[in-house]
Structures are given as C-alpha cells and as structure tokens.
Amino acid sequence: MLPTVDDVLQLDAVRRGQPHVVAGADRTGNRVRWVHVAEVTDIAHLLHGGELVLTTGIALPDEPERLRAYIAEVGVSGLMIELGRRYASVLPPALIAAAEEFGLPVIVLAHEPAFVDITESVHARIVQEQFAELRASEQLHEIFTRLSVEGASTDEVVRQVAALGGHPVVLENLAHQVLAADAGGADPAELLSAWETRSRAVRPGRRTGYDEASGWLVTMVGARGEDWGRLIVDLGSPPSPRETVLIERAATTLALGRLLDRHAESVERQAHGTIIARILAHAYSDPQEAAARARALGVPLSGRRLLGAVLRHRGPALSRSAPPVGELSQLAETAAAACKDARLAALVGVLDEGGPHARVGVLASLPARADVETALTEVATRIREQSGDTVMAAGSVVETISDVRRSFLEAEQVADVAARGSGARLYYRLPDLRLRGLLHLLRDDARVQTFVERELGPLLEYDAQRGSDLTRILELYLESGRNKAVAAQQAHLSRPAFYERLRRIERVLDADLDDVESCVSFHVALLALSSVRWERS
C-alpha cells in the first residue's frame with residue numbers, strides 16, 4: 001500500500017521542516033508513488049502521476065494566470081514548498097486559490113528542511129510498503145496453493161477469504177443464487193437479505209472490479225473461458241492491492257477445484273447439502289439464518305410446509321464402505337433436475353458424503369395449498385425415468401425449520417426398510433411399510449430381539465455350526481406364500497432337494513411348516529431379524 005500525503009507529513013524528516021497544509025486539506029489522502037525535487041515550471045511532461053513535488057518555489061512565476069496554469073498542469077499527489085527563498089512567509093493567493101480549485105494539497109515548510117532526507121524517508125517507506133505487499137501476496141499464494149492441493153471445499157475457501165480479509169464474503173452462481181457465504185462476524189440474515197435483487201444491480205464492468213454504490217469488490221469465477229459464478233467481498237470502501245490479490249487468488253482456487261474434482265457433486269449441490277446437514281445437526285444458532293441462506297439459493301423455507309425425503313439405490317444391507325461418490329452425485333443431480341421440472345422448490349444434496357450411510361437428501365418447500373402426494377409423485381416419476389432401481393422415502397410434513405430433523409429421521413427409517421424390499425412403489429412413506437416398517441422401528445427393543453432368538457435361535461445356531469443356509473431357505477419359502485415350487489426355483493434347487501431342506505428345518509425347530517400360525521410367527525421373526533442385522537451391518 002503506497003503512503004498517503006498524510007503519512008508523509010508524519011515522517012520525522014518532514015516534521016523537522018514544520019509542515020503546514022495551506023490548500024487541498026481534503027485531499028491529503030492522495031497516494032504518493034514517488035518524490036521528485038523540481039525547480040522548473042515546465043515539469044508536467046517529466047512526471048508520470050502520483051508524485052510528491054518538493055520545491056523552493058524559486059522558479060515559479062509571478063503572474064496569477066501562469067501560477068494557475070502551473071497548478072492545473074502539474075498533475076501530482078501533492079506540492080511541498082519551502083518558505084524563505086522565494087516566498088518569505090506566505091504563498092501567493094492565486095496559487096492557493098488554484099490549488100483549492102484543482103484539489104491539489106499544498107504544504108509549506110516553515111523551517112528549512114533537507115530535501116534529501118525527505119526523499120530518502122519517503123522512498124524508504126514506499127519500498128517498505130511494496131515489500132510488505134509482495135510478502136502478503138506470497139503468503140496468500142502459499143495459503144491458497146495449500147487449499148488447492150488439499151482439495152478444500154467451497155465453504156472452506158470462502159471461510160478463508162473472510163478470515164484473511166476481515167469482511168463478509170459471498171460466492172454466487174450466474175443466477176445470483178448464493179452457493180457459499182461467510183458473514184465474517186456480521187448478521188448472516190442481514191448480509192443475504194434480498195440478495196438476488198441487490199446482486200443483479202452490481203455490474204463492475206471488468207473481470208475484477210469495485211462497485212462504489214454497494215461497496216462490493218467482485219470477481220468472476222471460472223476457467224477455460226467458462227465462468228460459473230462470482231466471488232464478492234463486502235468491503236464498504238475501495239480495495240487495497242492486497243484485497244484485490246486475495247479475491248482473485250481465491251477465485252482461481254475455486255475454479256481449479258471445480259476442474260480437478262470431476263467426479264464430485266456440483267457446487268450447487270454442495271451448497272444445498274451443507275444447509276440440509278447443518279439444519280439436521282442444529283448447527284444454526286437461529287433458524288432464521290438457515291432460512292436466509294436457503295432463500296439466497298432460491299428456496300424459501302419460512303412460512304412454508306417442509307418435507308424431508310431421502311434417496312438411495314436399492315441394495316443389500318449397508319456395508320461399512322461408502323457408496324460410490326459418482327453414483328450419489330449423479331442421483332443428486334437427477335433429483336435436483338426432477339424437482340426443478342416439477343416446479344418444486346427444494347434443497348438437494350448428498351448427506352454424509354464419504355461415509356457408509358451416505359445418501360441424497362431432499363428438503364422440499366411446499367406452498368400452503370400444494371398437494372403433497374401429487375408433488376412427490378411428479379418428482380419420483382421423473383427420478384425413476386432417469387435412475388434405475390432407486391428408493392425414495394419421504395417423512396411427515398412439518399411447519400417449521402426446527403422440525404425438519406424429525407421429518408428426515410422418519411424418511412431415513414423408511415428408506416432403510418424399503419431398500420431391502422422388492423416393492424415397485426415410486427416412493428415410500430411410513431404407512432406403506434406396514435409390518436416390516438413396524439418391526440424396523442422396534443428393532444432395538446429387547447423384547448423383539450428375545451422373540452427372534454426364541455423362534456429362530458436353534459436354526460441360526462445350526463447354520464452357524466455347519467455353514468448351511470437353512471434360514472435363507474425358510475425365508476424364501478415364507479416369502480413365496482409357502483409355494484414350494486416357486487421357492488425351490490428361487491433357491492436354484494431341485495424340488496426333492498428343497499423338500500428335504502424343509503424337513504430338516506422342521507426337525508431343527510421342532511415345528512410343523514404346514515401350521516399357519518407357526519409360519520406367521522417364523523415370518524415375523526425373520527422380518528425382525530432382517531432389521532436387526534441391517535442395523536448392525
């Protein structure tokens with residue numbers, strides 16, 4: 001940062017000359033790029049702008065018109081005149097009047113100074129400031145290079161910009177929807193209030209520019225000629241060179257991250273997923289902050305009916321390894337497109353990405369009169385057309401952001417049960433699961449677990465000791481409605497072999513598989529066992 005005329009006046013070498021500002025006192029904030037000693041009037045062509053000119057005034061003309069012309073043409077940051085040689089104690093009124101007219105700070109030095117001391121002091125200060133800027137730029141380069149190498153998320157980059165700059169920061173897409181924001185200690189709701197309207201009014205005209213009306217420093221974000229967003233720092237005053245370097249380096253990091261992470265979800269999905277996850281974790285101190293962030297993404301949550309939904313691919317019990325990131329990201333994009341086509345305002349993102357319970361979360365925002373079943377059907381139909389064997393489960397409708405967690409928990413429980421079944425419903429809700437759903441909800445109850453052991457314990461022990469699959473055979477038999485021919489086909493066994501296994505099951509359990517009540521009891525126990533095993537997997 002270059003020193004100002006005010007900064008120069010505080011230097012010891014200048015203060016020894018007893019400086020006094022006699023004109024242009026409101027312009028002493030001008031930046032001083034260099035100091036030049038000159039005793040000629042025809043000096044403008046020798047300067048490049050931003051200089052502080054030192055002179056004794058010995059060569060200045062007497063005529064007011066020529067003095068005015070000198071002031072008008074000099075084009076510098078300030079003029080410092082030593083008294084005693086040309087002017088005894090005061091400057092000509094014409095010179096002062098011209099300086100006020102053209103906004104040129106004029107300083108008189110009552111005591112004879114050493115101009116060489118002044119030039120050395122100012123130039124040392126300038127070089128020192130330039131070195132500090134260079135060092136600051138190097139530090140920013142190191143910080144953002146590390147973030148790029150570590151694959152920092154969009155939120156992390158935005159948080160770093162806010163921390164380094166000390167001002168609120170917002171990343172938006174080209175539709176002026178907020179992808180990430182850090183209020184920097186300010187009120188997030190106030191920062192994001194009517195964001196789209198305010199943002200659309202700010203068009204700096206350059207790739208990086210400062211908008212005086214809003215006080216925003218704005219830069220485009222993108223690479224390879226394809227911009228996808230804008231990074232905004234709410235400064236409130238013109239930026240320093242360091243702040244310009246900061247926002248541009250951050251924009252480069254964001255663009256590079258998007259190019260390198262080809263299989264990751266889009267920035268929009270990350271932003272949606274972050275809001276949903278923070279709502280579920282009660283991470284927002286005020287629900288209105290969540291509402292403000294969602295509204296800035298084009299999804300109103302206040303005064304709406306809210307519904308949590310979960311999507312995942314159908315399959316066996318959850319494994320300890322995470323589902324493929326690419327599949328979930330694609331499913332999230334498909335769900336987001338389906339909501340958009342169905343004109344359903346919703347936040348859509350991957351939750352618990354990288355973990356064994358990763359899934360796609362949808363927080364739907366419905367108008368008061370909207371029919372929930374119709375909306376779910378439209379969205380689920382579009383998802384089914386694009387994604388293969390996908391399970392969509394929805395929770396109950398809630399009225400406040402604080403209750404969204406309850407809706408999601410219900411949806412996740414429903415999804416867990418539905419993903420193990422073979423039903424072909426477009427979507428599932430708790431009433432659709434019937435007995436299987438009830439047993440899943442009661443899976444941690446010791447009485448249910450005791451019932452499972454009482455009904456199936458001997459068979460489970462038999463399989464464990466001999467490595468057989470009689471429990472699976474019993475499950476196929478009961479799920480086929482006790483149709484032995486169908487069950488044998490599903491087990492890929494001949495009928496005699498299948499019948500022999502059924503007789504062995506009867507001996508182990510000491511039960512008659514032709515008895516309806518016994519079969520019902522075994523079937524319930526198998527459903528409960530499936531829920532318990534699912535939970536432990």
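Worth saying up front: this structure is predicted, and the values here are computed from it rather than measured. We're numbering straight along the sequence, starting at 1. These values consider heavy atoms only, across backbone and side chains, with no hydrogens, waters or symmetry-generated copies.
The backbone N or O of Ser193 sits less than 3.5 Å from a side-chain atom of Arg198, completing a donor-acceptor pair. Counting only distance, with no hydrogens or angles, the side chain of Asp469 and the backbone of Arg472 share no donor-acceptor pair below 3.5 Å. Using modelled atom types, one side-chain atom of Thr381 and one backbone atom of Thr377 make a donor-acceptor pair closer than 3.5 Å. When atom types are taken as modelled, the side chain of Ser396 and the backbone of Ser407 share no donor-acceptor pair closer than 3.5 angstrom. Side-chain N or O atoms of Arg359 include none that pairs as donor or acceptor with a backbone N or O of Glu412 at under 3.5 Å.
Summarising the geometry of Leu191 relative to Ala183, their closest heavy-atom pair is CD2-CA, 3.8 Å, with the distance given to 0.1 Å. Taking each heavy atom of Ala294 and Leu301 in turn, the nearest pair found is CB-CD1, 3.6 Å. Between Val299 and Ala345, the shortest heavy-atom distance links the atoms CG1-C, 4.2 Å. Residues Ile279 and Ala290 come closest through the heavy atom pair CG1-CB, 3.9 Å. Shown here for Ala291 and Ile401, the closest heavy-atom pair between the two residues is CB-CD1, 3.8 Å. The two residues Phe408 and Gly361 make their nearest non-hydrogen contact at CE2-CA, 4.0 Å.
Below 30°, between 30° and 60°, or above 60°: for Trp216 and Trp195 the angle between ring planes is below 30°, a parallel geometry.
Taking 4.5 Å as the limit, every side-chain heavy atom of Met392 sits out of range of all side-chain heavy atoms of Arg425. The closest side-chain heavy-atom distance from Val524 to Val452 is not below 4.5 Å. Using a 4.5 Å heavy-atom threshold, the side chains of Val161 and Leu171 count as separate. The closest side-chain heavy-atom distance from Asp211 to Val218 is not below 4.5 Å. Residues Leu311 and Val348 are not in side-chain contact: their nearest non-hydrogen atoms beyond the backbone lie 4.5 Å or more apart. Side-chain contact check for Glu455 versus Leu529: every heavy-atom pair is 4.5 Å or farther apart. Counting heavy atoms from C-beta on, the side chains of Leu307 and Leu376 come closer than 4.5 Å. Side-chain contact between Leu217 and His167 is absent, with no heavy-atom pair separated by less than 4.5 Å.
Residues that satisfy the salt bridge (Lys or Arg N to Asp or Glu O under 4.0 Å) test with Glu373, not counting sequence neighbours, are Arg429. In terms of the side chain to side chain donor-acceptor pair (under 3.5 Å) criterion, residue partners of Thr274 (sequence neighbours excluded) are, by chain and number, Asp155. Evaluation of the side chain to side chain donor-acceptor pair (under 3.5 Å) rule for Asn173 yields Gln177 as partners, not counting sequence neighbours. Scored by the ring pair (Phe, Tyr, Trp, His ring centres under 6.0 Å) test, Trp228 finds no partners at all (sequence neighbours excluded).
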**Message:** Go through it in stages, so that I can follow the logic: the residues are Arg406 and Glu410, the test is salt bridge (Lys or Arg N to Asp or Glu O under 4.0 Å), and I'd like the CA-CA distance, side-chain angles, deciding distance and then a yes or no.
**Reply:** CA-CA 6 Å; Arg406 173 166 57 84; Glu410 183 179 313; 5.4 Å; no

**Message:** Determine whether Glu243 and Val233 satisfy the following criterion, side chain to side chain contact (heavy atoms under 4.5 Å, CB included), listing intermediate values before the conclusion.
**Reply:** CA-CA 9 Å; Glu243 289 167 333; Val233 180; over 6 Å; no

**Asked** After noting the C-alpha distance and the side-chain angles of Leu174 and Met220, does the key distance pass the side chain to side chain contact (heavy atoms under 4.5 Å, CB included) rule?
**Response** CA-CA 9 Å; Leu174 297 182; Met220 299 300 299; 4.0 Å; yes

**Message:** As a quick check of understanding, evaluate side chain to side chain contact (heavy atoms under 4.5 Å, CB included) for Leu179 and Val158, giving each step before the final call.
**Reply:** CA-CA 10 Å; Leu179 304 177; Val158 169; over 6 Å; no

**Request:** Kindly indicate, with the supporting measurements, whether the criterion side chain to side chain contact (heavy atoms under 4.5 Å, CB included) is fulfilled by Leu474 and Leu456.
**Result:** CA-CA 10 Å; Leu474 177 60; Leu456 301 175; 4.1 Å; yes

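Taking CD of Glu506 as the reference point, atom CG of Asp515 lies at 10.5 Å (rounded to 0.5 Å). Note that the CD1 atom of Ile383 and the SG atom of Cys339 stand 6.0 Å from one another [nearest 0.5 Å]. Residue Arg343 holds its CZ atom at 10.5 Å from CD of Glu378, rounded to the nearest 0.5 Å. Atom CG in Asp514 sits 6.0 Å away from atom CZ in Arg482 (nearest 0.5 Å). Distance CG/Leu147 to CD/Glu156: 7.0 Å, rounded to 0.5 Å. Here the CG atom belonging to Leu459 is positioned 3.5 Å from the OG1 atom belonging to Thr471, to the nearest 0.5 angstrom.
Counted by atom type alone, Arg249 and Thr145 present one or more donor-acceptor pairs between their side chains at under 3.5 Å. A donor and an acceptor atom, one from each side chain of Thr219 and Glu248, are nowhere located under 3.5 Å apart. Between Ser480 and Asn483, the side chains place no donor N or O within less than 3.5 Å of an acceptor N or O (distance only, hydrogens not considered).
The one candidate from Val508, Leu470, Ile473 that meets the side-chain contact (heavy atoms from CB on, under 4.5 Å) condition with Asp463 is Leu470. Screening Arg304, Arg305, Arg295 for a side chain to side chain donor-acceptor pair (under 3.5 Å) involving Ser365 leaves a single residue, Arg304.
At most 12 non-hydrogen atoms from other residues, nucleotides or ligands lie less than 6.0 angstrom from CG of Asp510. Heavy-atom contacts from other residues, nucleotides or ligands closer than 6.0 Å to NE2 of His282 number more than 12. Enclosure of atom CD in Glu190 is not indicated, since only 12 or fewer non-hydrogen atoms of other residues, nucleotides or ligands lie within 6.0 angstrom.
Screening residues 486-503 for side chain to side chain donor-acceptor pair (under 3.5 Å) gives Glu500-Arg504 as the qualifying pairs, with residues at least two apart or on separate chains. Sequence neighbours left out, the pairs with a member in residues 278-293 that pass salt bridge (Lys or Arg N to Asp or Glu O under 4.0 Å) are Glu289-Arg293.
Salt bridge status for Glu142 with Arg146: absent, with no side-chain N to carboxylate O gap under 4.0 Å.
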